[in-house]
Amino acid sequence: MNLLTERWIPVMRQSGADLIAPYEISALDNPVLSINASRADFNGAIIQFLIGLLQTVLPDLKRKHWRQWQQVPPSSDELKKIFMPLEIAFNFDSDGARFMQDYNLLEGDKKSVSALFIDQPGEQTLELNTDHFVKRDSIKQICFHCSAIALFTLQINAPSGGAGHRTSVRGGGPLTTLIVSDTEESKLLWNMLWLNVIPAIDFKALTGNETLEISELKDVFPWLAPTRTSEKNSGATYINQNAHPFQMYWCMPRRIQLDFANTTQGECHVCGNANRQLVQHYITKNYGVNYLGSWQHLLSPHRKDKDAQYIPLHPQPGGIGYKYWQAIALNDSRAKVVRAQQENLKTTMKIWSFGYDMDNMKARCWYESTMPSYYIKPEILKAFESLTTQYIDSAIQILKYLYFSLKETKAHIPTTEANFWHQTETIFYQILNETVQILSQNASADVNNIKQTWLIHLQKKALLIFDTYTEVMHAELLQLQHLAQARKGLRKNLYGPKIRKSLALDEKEVKNA
Ligand SMILES: [Zn+2]
């Protein structure tokens, strides 16, 4: 099976579910609407596979060419012709180099294919018998299509997996942010993918070694050569000098070989399709490629640490809420693709964010969210940044007040924070939108009314959550007087001068309705 010619990608076409080969993504006849895998992490991985493939085959993409294909997508024949020079890197089970698998024959631990899945209980979880949430060994046999996606998903998200089991180029479970547009003409998969492929001029100074030639395929696809292993004290480390920048799309931190010699037949435990060849095991060995150094991925937001190294952001408990909106959509931290398309297209779009929240090697949760993306004119950027900081800081402050008052009444539960962010999210994005509109007309416009609306909303939601939690959760435990006091304290904070100051509103309180 070759992943450039095989029809292995589950999609939704205008006529319904189907499988396509990568070169068919832009088909005009019965167009492809979306990826349609059976798991959310598979959808996220396949999208990145296709974006990475397009970006890799068009390393010198010009803006003019980008616009042409935005207006008129390439034909399947055209795409096939462009993809085929990479055919050798996408063999999956043939003799010789295999996609995302170690170049040399491995002798190592034999594992069940279930361990390829990040949310399946690991060995330690099984030993401790703590796999309450994900049923143990629910995936024992998978078809070649699903094993290719599982392998790719693991390599690009690879969490720490014990001694010498290396993490992905973005660490374990990175946050990926993609530009999406919701206008009618860009409802097709092609449009969404193409928005996340950017002209070469937009990614100057990438990490990795830019002097390496992309035609040296082994520098882009590490499975085409013996693995640069990273045993302790061997001194053999894989700093980014050894890799072409586009290896960010094709990182291979784990040394893995699927066992194609001992397959079984039956039903694939992931897609449910009957198949004569199902993979049950793989062999793995530690000390694979160790991606040291500063790696900046085009599809992820990064912060800079004190040594000016790029640190990719990761989803945190509670989800990808508006608390992270600035980091994802506005600040220098945003992904290069997001920044490039905001500046090139100068229009309102959306950002789709997703990723695993990892607790070391254990997946706590898979998160996804969609948030607005704006082009902010340079002349209003400073004012806009300062306002969004005030909006978010005031929400953080009010959440603190709520937290302490709930702690005091013993009514705090772990989901309180997520609930607060969720309940205030719709209004936040409305406020944000209004702010952009007003400032775009007049950079020094008075936005006190917007701030006031935001504050009143936060105050009401905080009191509502307090009342719900104290009444429903722990009513029988509370002494009424104690409860009344805690509520009074919360109100005092919510309507006090400090919170108004955080929004740069004047001290004079507008009594709440
Ligand atoms: Zn399958």
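One-based numbering, in listed order, for ligands and for the atoms of each. We use all heavy atoms of the structure for the numbers below, so side chains are in, but hydrogens, waters and symmetry mates are not. Throughout, numbering of the chain's residues begins at 1 and tracks the sequence.
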Undergrad: Any N/O/S atom of Cys146 sitting less than 2.8 Å from the Zn ion (ligand 1), backbone or side chain?
TA: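 Yes - counting backbone and side chain alike, Cys146 has an N, O or S atom under 2.8 Å.
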Undergrad: Rounded to 10°, how big is the angle at the Zn ion (ligand 1) from Cys143 SG to Cys268 SG?
TA: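 Taking the Zn ion (ligand 1) as the apex, the two atoms subtend 110°.
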Undergrad: Would you say the side chains of Gln316 and Tyr324 form a donor-acceptor pair under 3.5 Å?
TA: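 No, no side-chain donor-acceptor contact under 3.5 Å.
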Undergrad: Should Lys285 and Asp102 count as an ion pair when the cut-off is N to O under 4.0 Å?
TA: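 Salt bridge absent between Lys285 and Asp102.
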Undergrad: Given the side-chain rings of Tyr356 and His314, with only the six-membered ring counted for Trp, is the space between their centroids under 6.0 Å?
TA: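 Centroid separation for Tyr356 and His314: 6.0 Å or greater.
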Undergrad: Compute the centroid of each ring, for Phe152 and then for Phe49, and state whether the two points are separated by less than 6.0 Å.
TA: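 Phe152 vs Phe49: aromatic centres under 6.0 Å.
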Undergrad: State whether His145 contributes an N/O/S atom found under 2.8 Å from the Zn ion (ligand 1).
TA: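 Not a single backbone or side-chain N, O or S atom of His145 is under 2.8 Å from the Zn ion (ligand 1).
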